[in-house]
Each structure stands twice: as structure tokens, then as C-alpha cells.
Amino acid sequence: GMAAPAALRRSVVSPAGGHTASLIFLHGSGHTGQGVRAWIKQILNQDMAFQHIKIIYPTAPARPYTPMKGAFSTVWFDRYKVSNDCPEHIESIDAMCQGLTDLINDEIKNGIAKNRILIGGFSMGGGMAMHVAYRFHQDLAGVFALSSFLNNDSAVYQALKRNESVLPELFQCHGTADELVLYSWGEETNKMLKSLGVSASFHTLPNLNHELNRTEIEKLKSWIEMKLPVEAAKAN
């Protein structure tokens, strides 16, 4: 049979206090976990950190990437083109859903409940997170997608059409000046997920291109604290 995929390399920000929740943050295409952590740190002038939440920034394995003419890049999956009107490269998406399931399972082995785990990311990372949560892990605490989109006939939509259960809440942000992932693609993704029963918010960032900014990260931090509150001490 196939060899088990190697564990994803990861950069970790440990909680200041007791670890009772975890957050998985997926970088954009061609980036690394270390790189997106440093980018957020630069914007905030410090790591995004919490008293009780461990933040995991994994790095995608390098693979041939079609939009770069087959050059190797750290991408979560392949795409035929950066567009919402082409088919998804489902084989590569599903292979990475397995790698990220292993990461989720590591946290569960560490004693973290599934409903105390959030997954999300920037650009391609947000798209990946939506596949992981809405197709395979509908009992996670929530999903966030920053400057992200799903293709028009995404496997995510197909899965949700057949779904009956309560779904993780979605926190989405998008800049109106994004030239790589159009604002309208993000908006359409949000509307489609809402129509399929996802409780979703959509935050418009005026004049923001394909990037992160402080306003957005502060909004995200507030949402994270709402979805993963500090737990009251358990009576023994």
C-alpha cells in the first residue's frame, strides 16, 4: 500500500497558560507556516497569541503547481488555473485533507476536544480549510477564510447539499482591491455556503489587495476568542 504521508512541518505558538484549544492556520500558495506567522507578527508587532489556545502554522509540502508551469511550490493542492470557473484538482485536495486530518488527530490525542479546534487560512489556505471542515470534519469549532474562494462547482457545495448536521461557523474577510482572488469570488463563496446552511459572516476590507492587515487580524482575534472562550475550571 501507499506509505503514510510524512507529518507536516509546523511552526507553533504555545499558549501562555493551560492548553485547552487549538487553531490551525494555513498559509497561502508558495508561502510557509513560518512565513505567515512572521507576517502576522510584523503586522501586530508581536505573535498572535492566546492564554489557552495553541496556534499551529503547518507548511504545505512542495509539489508541482500547474499555474507556475509545473514548477515546485509549497501549495496545499494543485489548480488548473487561479479561477472560480474551472474544475477542482480533487485528487490533490483529498490527499491534503488526509494530511490535515492527521494534524487534527494529533491535537485530539493531546486531549483537545474536536469542538475546541478551529481551522482556517489565507488565500489557498482558506480554501483548503473549507474542504477539510465542511467535507470531513463538520464537528470543528469553526472555519476562517481570508482572501479565499471556492470554485463554482466545488466538492464542498456537493457535500453540503447532502448534509443534515449543524455546521462549523465561517468567518470570511476579503479586500475590495484584491487583484488575484477577486472580491466577487469571495462574496459568491459566502452566499453559496449560506444558502447551504452555513452560518457565515463576510467582512469587507475597503481598498485592501491580496494581503492581510491589522484591522482584519484584530477582527479575526475577536472571533477566535468568541469561538474558543477560556473554559471555566472543571470541578474534579
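The distance from the OG atom of Ser154 to the OH atom of Tyr134 is 12.0 Å, given to the nearest 0.5 Å. Put simply, CZ on Phe149 and OG on Ser83 are 6.5 Å apart, with the number rounded to the nearest 0.5 Å. Here the straight-line distance linking atom CG of Leu146 with atom CG of Leu205 works out to 9.0 Å at 0.5 Å rounding. Arg162 contributes atom CZ, which lies 11.0 Å from atom CG of Leu196 (distance to the nearest 0.5 angstrom). To the nearest 0.5 angstrom, Leu23 atom CG is 6.5 Å from Ile53 atom CD1. To the nearest 0.5 angstrom, Arg63 atom CZ is 8.0 Å from Met96 atom CE.
Sorted by first and then second residue, the salt bridge (charged side-chain N to carboxylate O under 4.0 Å, His left out) pairs with a member in residues 190-212 form an empty list; sequence neighbours excluded.
With contacts defined as side-chain heavy-atom distances shorter than 4.5 Å, the pair Leu160/Val198 qualifies. With a 4.5 Å cut-off on side-chain heavy atoms, Leu193 and Leu170 count as touching. At a threshold of 4.5 Å between non-hydrogen side-chain atoms, the residues Met68 and Val75 do not count as touching. Side chains of Asp153 and Pro87 form no contact here, defined as non-hydrogen atoms less than 4.5 Å apart. Contact check for Ser14 versus Lys54: no side-chain heavy atoms found under the 4.5 Å cut-off. Looking at Cys86 and Asn151, their side chains come closer than 4.5 Å, going by heavy atoms from C-beta outward.
Between the side chain of Asp178 and the backbone N or O of Leu180, at least one donor-acceptor pair lies under 3.5 Å. A donor-acceptor contact shorter than 3.5 Å is absent between the side chain of Ser147 and the backbone of His210. Using a distance-only test at 3.5 Å, with no hydrogens or angles considered, no donor-acceptor pair links the side chain of Ser29 to the main chain of Met124. With hydrogens and angles disregarded, a donor-acceptor distance shorter than 3.5 Å links the side chain of Asp78 to the backbone of Thr66. In terms of modelled atom types and a separation under 3.5 Å, the side chain of Ser148 and the main chain of Ser123 share a donor-acceptor contact.
The hydrophobic clustering, which links ILVMFWY residues whose side-chain heavy atoms are closer than 4.5 Å, places Val132 and Ile108 together. Phe50 and Ile40 fall within a single hydrophobic cluster, where Ile, Leu, Val, Met, Phe, Trp and Tyr side chains are chained together by heavy-atom contacts under 4.5 Å. Using a 4.5 Å cut-off between side-chain heavy atoms of Ile, Leu, Val, Met, Phe, Trp and Tyr, with links allowed through other members, Val82 and Met128 fall into the same hydrophobic cluster. Cluster annotation: Leu26 is not connected to Leu220 through the hydrophobic network of ILVMFWY side chains, with a link wherever side-chain heavy atoms come within less than 4.5 Å. Clustering ILVMFWY residues whenever any of their side-chain heavy atoms sit less than 4.5 angstrom apart, transitively, puts Leu118 in the very cluster that holds Phe25.
Arg10 and Thr59 share no side-chain donor-acceptor pair at under 3.5 Å. When only modelled atom types and interatomic distance are considered, His174 and Thr204 share no side-chain donor-acceptor pair under 3.5 Å.
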- request: Verify side-chain contact (heavy atoms from CB on, under 4.5 Å) between Ile24 and Leu103, making sure each step is shown before the conclusion.
  value: CA-CA 9 Å; Ile24 299 167; Leu103 190 58; 4.0 Å; yes

task: Quick one: do Asn163 and Ser165 satisfy side-chain hydrogen bond (donor to acceptor under 3.5 Å, both in side chains)? Show the steps, please.
output: CA-CA 6 Å; Asn163 176 65; Ser165 63; 3.0 Å; yes

message: Evaluate His203 against Ser201 for side-chain hydrogen bond (donor to acceptor under 3.5 Å, both in side chains), listing each step before the verdict.
response: CA-CA 7 Å; His203 305 269; Ser201 59; 3.3 Å; yes

Stepwise side-chain contact (heavy atoms from CB on, under 4.5 Å) test for Glu231 and His52: CA-CA 9 Å; Glu231 290 184 314; His52 59 297; over 6 Å; no

task: Applying side-chain hydrogen bond (donor to acceptor under 3.5 Å, both in side chains), run through Thr101 and His137 and close with a yes or a no.
output: CA-CA 8 Å; Thr101 292; His137 298 282; 2.8 Å; yes

message: Checking Asn84 against Leu182 for the side-chain contact (heavy atoms from CB on, under 4.5 Å) test, could you report, in this order, the C-alpha distance in whole Å, the side-chain angles of both residues, the deciding distance, and whether it holds?
response: CA-CA 9 Å; Asn84 65 353; Leu182 301 185; over 6 Å; no

Trace of the side-chain contact (heavy atoms from CB on, under 4.5 Å) decision for Arg116 with Lys227: CA-CA 8 Å; Arg116 296 282 291 167; Lys227 297 309 293 180; over 6 Å; no

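Closest approach of Pro168 to Val143, counting heavy atoms only: CB-CG2, 4.1 Å. Looking at every heavy atom in both residues, Ser22 comes nearest to Ile112 through OG-CG1, 3.9 Å. When all heavy atoms of Ile117 and Leu228 are compared, the pair lying nearest together is N-CD2, 4.1 Å. The nearest pair of heavy atoms linking Leu212 to Phe122 is CD2-CD1, 3.7 Å. When all heavy atoms are compared, the tightest approach of Leu150 to Gly127 is CD2-O, 4.1 Å. Across all non-hydrogen atoms, the minimal contact from Ala133 to Ile119 is CB-CG2, 4.2 Å.
For Arg9, the salt bridge (Lys or Arg N to Asp or Glu O under 4.0 Å) criterion is met by no residue, not counting sequence neighbours. For Glu218, the salt bridge (Lys or Arg N to Asp or Glu O under 4.0 Å) partners at least two apart in sequence or on another chain are Arg214.
A salt bridge between Glu107 and Lys114 is absent, with no side-chain N of the basic residue lying under 4.0 Å from a carboxylate O of the acidic one. In summary, Asp102 and Lys109 do not engage in a salt bridge, as defined by a charged side-chain N under 4.0 Å from a carboxylate O. With salt bridges taken as basic N to acidic carboxylate O contacts below 4.0 Å, none links Glu88 and Arg79.
Of the residues Tyr183, Phe144, Phe171, the one that meets the ring-ring contact (aromatic ring centres under 6.0 Å, His included) test with Phe202 is Tyr183. Across Tyr57, Trp39, Trp76, a single residue satisfies ring-ring contact (aromatic ring centres under 6.0 Å, His included) together with His27, and that is Trp76.
Annotation: Glu91, atom CD; neighbour count of heavy atoms from other residues, nucleotides and ligands within 6.0 Å is above 12.
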